[in-house]
Amino acid sequence: MIAVIPAAGIGQRMEASLPKQYLQCAGETLLDHSIAAILAEPRISKIFLALHENDHWFANSRFADHEQIQVVQGGASRAESVVNALSAAINTFPSDTLVAVHDAARPGLPLKLFSELLDVVNENPEQGALLALPVHDTVKYSTEKEAAANGGLTQTKDAGIGRNIVNKTLVRDHIWLAQTPQVFRLGDLQKALSLAAEQGNDITDEASAMETLGAQPILVPGSKKLLKVTTPDDLALIEFYLTTEQNEAR
Ligand SMILES: Nc1ccn([C@@H]2O[C@H](COP(=O)(O)OP(=O)(O)OP(=O)(O)O)[C@@H](O)[C@H]2O)c(=O)n1
Ligand SMILES: C[C@](O)(CO)[C@H](O)COP(=O)(O)O
């Protein structure tokens with residue numbers, strides 16, 4: 001098995017002075033925590049790490065010259081970074097190799113969960129699997145007030161205070177929040193991402209690309225520790241989880 005770590009983002013939503021994957025937390029950068037979590041699984045033989053073309057931070061990582069890591073150039077989107085990494089991997093690994101794609105921005109990956117995920121995929125390689133979090137809150141589908149008033153249903157994330165209204169309440173028993181790693185066969189994932197790009201689909205995770213090929217990826221319960229560090233208020237939370245993990249490991 002191999003892994004891909006997309007780490008070529010700029011972390012715009014984090015509003016930091018450097019890309020968020022290089023922020024220090026619990027003694028290491030977020031990226032180094034993520035790399036260490038992947039390497040802790042002995043079934044992973046190699047990591048293809050996608051870095052921004054102007055990345056000058058990874059050279060200072062304790063993994064900079066690690067024999068199991070091959071750096072590739074990232075792309076303009078997360079999906080493109082993953083495609084570039086897969087293109088490098090296919091040169092040395094067969095197309096039926098299982099590949100785990102894991103966000104550098106999710107440093108709190110427990111080995112137990114990663115191992116459970118790989119066990120599931122080993123039994124279901126054609127469907128693949130991903131860690132995901134079942135939701136415990138009531139889930140609202142929102143539209144922008146003005147659009148709804150005019151009969152439109154433009155889907156907005158945050159139209160500003162007082163401008164999002166409830167369009168409907170979703171049945172939360174069927175709602176899961178996708179996390180990473182997401183694990184599929186190398187050749188299948190390459191084909192799925194290529195098709196998505198041809199169709200102009202805005203792919204935000206590997207499973208959605210695989211679904212367009214008819215795959216039914218298996219959802220494996222993840223953890224709140226596996227939060228994606230995205231905005232400044234995520235830092236205190238991930239610091240808590242990583243510090244707690246370190247204390248429990250002692
Ligand atoms: N062109 C890109 C964009 C993102 N990523 C990576 O994909 C993961 C998830 O993306 P996200 O959380 O959106 O990170 P950023 O794109 O850096 O964040 P932002 O959208 O706030 O800029 C991150 O590890 C990020 O480094 C990547 O490899 N290549
Ligand atoms: C892949 C992912 O982490 C699954 O939830 C998410 O889609 C990444 O989104 P981002 O906007 O690239 O952070």
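Both counts, for ligands and for their atoms, begin at 1 and track the order of listing. If you read the sequence from its start, that first residue is 1, and numbering goes on from there. Just so it is clear, the values below take in all heavy atoms, side chains as well, and ignore hydrogens, waters and symmetry mates.
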Hey, is ligand 1 close enough to [X] that some N/O pair sits below 3.5 Å?
X	answer
A104	yes
D103	no
A7	yes
A50	no

Sub-4.0 Å heavy-atom approach of E206 to ligand 2: no
Close approach of H102 to ligand 2, heavy atoms, under 4.0 angstrom: no
Protein residue, atom and distance nearest to atom 7 (O) of ligand 2, heavy-atom basis: T204 O, 2.7 Å
V120 reachable from L189 in the ILVMFWY side-chain graph, under 4.5 Å edges: no
With heavy-atom distances below 4.0 Å as the criterion, list the atoms of ligand 1 near [X].
X	result
A105	24 (O)
I10	17 (O), 22 (O)
A76	1 (N)
S81	1 (N), 2 (C), 27 (C), 28 (O), 29 (N)

Per [atom], closest listed option by heavy atom ([options]):
atom	options	value
atom 13 (O) of ligand 2	Q179, Q182, K228, R78	K228
atom 13 (O) of ligand 1	R78, Q21, K20, R13	R13
atom 2 (C) of ligand 1	G74, S34, S77	S77

Donor-acceptor side-chain pairing of K140 and S142 below 3.5 angstrom: no
T180 N/O to ligand 2 N/O under 3.5 Å: no
